[in-house]
Amino acid sequence: EIMMTQSPATLSVSPGERATLSCRASQSVNSNLAWYQQKPGQAPRLLIYGASTRATDIPARFSGSGSGTEFTLTISSLQSEDFAVYYCQQYNDWPPLTFGGGTKVEIK
Amino acid sequence: EVQLVESGGGLVQPGGSLRLSCAASGFTFSSFEMNWLRQAPGKGPEWVSFINSGGETIYYADSVRGRFTISRDNAKNSLDLQMNSLRAEDTAVYYCMRPHGGYWGQGTLVTVSS
């Protein structure tokens, strides 16, 4: 089973600032990596797939990069609606699909 | 518009059973693979089970294998999850999910408690 590790667990950022979230896989997942955003009481929402492709209707301030075992989600200028929990998920070697533990982006 | 609507959650005693359903609309259900995932309170999502478009290929997480059964009815655009021998650690919001496009339902809460 591929383990996904996200850092940091919590990121305190001011509105308008840049946020950089990291995700590491225990073995290579090539580019088969997705990022999700989740707000309280809501289902996860797909942001990025294929490590760097934005999903439908996702704003350009969200970008993903990386391949193999190291991945990054960058939010270029945080808006109020971006404060949420973010999860990475690999779909290269499954079952099982596996998720990281999440990064909470909170208002500084 | 793709819509996935789960139902069937509730409170059940340990050892009990529950059947979850997911009603799909807005796409050709019979053409797409589907998953069930769950999320325990305060935790990240956990994959539970997969079924391919025709229902011939099925996978389960180790934590539910032998207790849960996934099925689908393509004529009714419906995905089900039969959950038996429920444990306290099965308490979670259960989501159906279409991996192509990353569509999730709103979830249904299952609470296993005496």
Side-chain angles (χ1 to χ4, degrees), chain A residues 1-10 21-25 29 31-58 62 64 73 84-106, chain B residues 1-7 9 20 22-24 26-27 32-52 56-66 68-70 79 81 92-110:
Chain A
E1 175 174 330
I2 297 179
M3 304 299 293
M4 307 300 293
T5 303
Q6 290 185 242
S7 61
T10 303
L21 289 68
S22 296
C23 175
R24 174 177 292 178
V29 298
S31 294
N32 296 313
L33 189 284
W35 289 94
Y36 289 88
Q37 176 194 67
Q38 188 175 31
K39 298 178 181 179
Q42 297 184 16
R45 172 195 182 198
L46 179 66
L47 298 175
I48 301 284
Y49 63 93
S52 60
T53 302
R54 278 189 302 277
T56 304
D57 295 332
I58 301 303
F62 291 93
L73 175 69
V85 180
Y86 293 82
Y87 295 100
C88 62
Q89 177 234 318
Q90 70 83 21
Y91 52 95
N92 186 70
D93 184 10
W94 68 280
L97 297 171
T98 49
F99 291 79
T103 291
K104 181 179 181 180
V105 177
E106 64 176 24
Chain B
E1 179 192 5
V2 172
Q3 283 202 318
L4 299 168
V5 179
E6 301 93 339
S7 61
L20 306 183
C22 171
F27 64 102
F32 289 90
E33 305 169 340
M34 297 294 295
N35 287 298
W36 283 101
L37 296 95
R38 66 186 180 184
Q39 189 169 26
K43 302 293 186 181
E46 177 191 14
W47 171 78
V48 171
S49 185
F50 162 90
I51 188 166
N52 76 332
E56 309 95 353
T57 301
I58 287 173
Y59 302 124
Y60 297 100
D62 289 346
S63 57
V64 307
R65 186 177 295 112
F68 289 13
T69 302
I70 191 172
L79 176 73
L81 187 69
V93 176
Y94 283 73
Y95 297 98
C96 63
M97 181 261 216
R98 194 189 90 174
H100 186 83
Y103 294 97
W104 297 55
Q106 86 290 347
T108 187
L109 177 62
V110 172

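Here is how names work: the chains are called A, B, and so on, in the same order as the sequence lines, proteins then strands, and each is numbered from 1.
Side chain of E1(B) to main chain of G26(B): no donor-acceptor pair is present (N/O by atom type, distance under 3.5 Å, no hydrogens or angles). Side-chain atoms of N92(A) do not come within 3.5 Å of backbone N or O of N32(A) as any donor-acceptor pair. Between the side chain of T108(B) and the backbone N or O of E6(B) there is no donor-acceptor pair closer than 3.5 Å. Put simply, the side chain of Y60(B) gets close to the backbone of I70(B): a donor and an acceptor are under 3.5 Å apart. In this structure a side-chain-to-backbone donor-acceptor pair under 3.5 Å is present from S49(B) to Y59(B).
If you tally non-hydrogen atom pairs under 4.5 Å between each of E1(A), Q38(A), Q42(A) and chain B, the highest count goes to Q38(A). Top candidate by heavy-atom pairs under 4.5 Å with chain A, chosen from Y103(B), W47(B), Y95(B), is W47(B). Highest contact tally toward chain A, considering only A61(B), G44(B), G107(B), is held by G44(B) [criterion: heavy-atom pairs under 4.5 Å]. Heavy-atom pairs under 4.5 Å with chain B were tallied for P96(A), P95(A), G100(A); the largest tally goes to P95(A).
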Full working for ring pair (Phe, Tyr, Trp, His ring centres under 6.0 Å) between F68(B) and W36(B): CA-CA 11 Å; F68(B) 289 13; W36(B) 283 101; 9.8 Å; no
Trace of the side-chain contact (heavy atoms from CB on, under 4.5 Å) decision for F62(A) with W35(A): CA-CA 10 Å; F62(A) 291 93; W35(A) 289 94; over 6 Å; no
Test side-chain contact (heavy atoms from CB on, under 4.5 Å) applied to L97(A) and F50(B), step by step: CA-CA 10 Å; L97(A) 297 171; F50(B) 162 90; over 6 Å; no
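Residue contact with chain B, scored on non-hydrogen atoms closer than 4.5 Å, is absent for Y91(A). Only the side chain of N35(B) comes within less than 4.5 Å of a heavy atom of chain A; its backbone N, CA, C and O stay farther away.
Counting heavy-atom neighbours within 6.0 Å of K39(A) NZ, excluding the residue itself, gives a total above 12.
Contacts between residues 43-58 of chain A and chain B, counted as heavy-atom pairs separated by less than 4.5 Å, involve A43(A), P44(A), L46(A).
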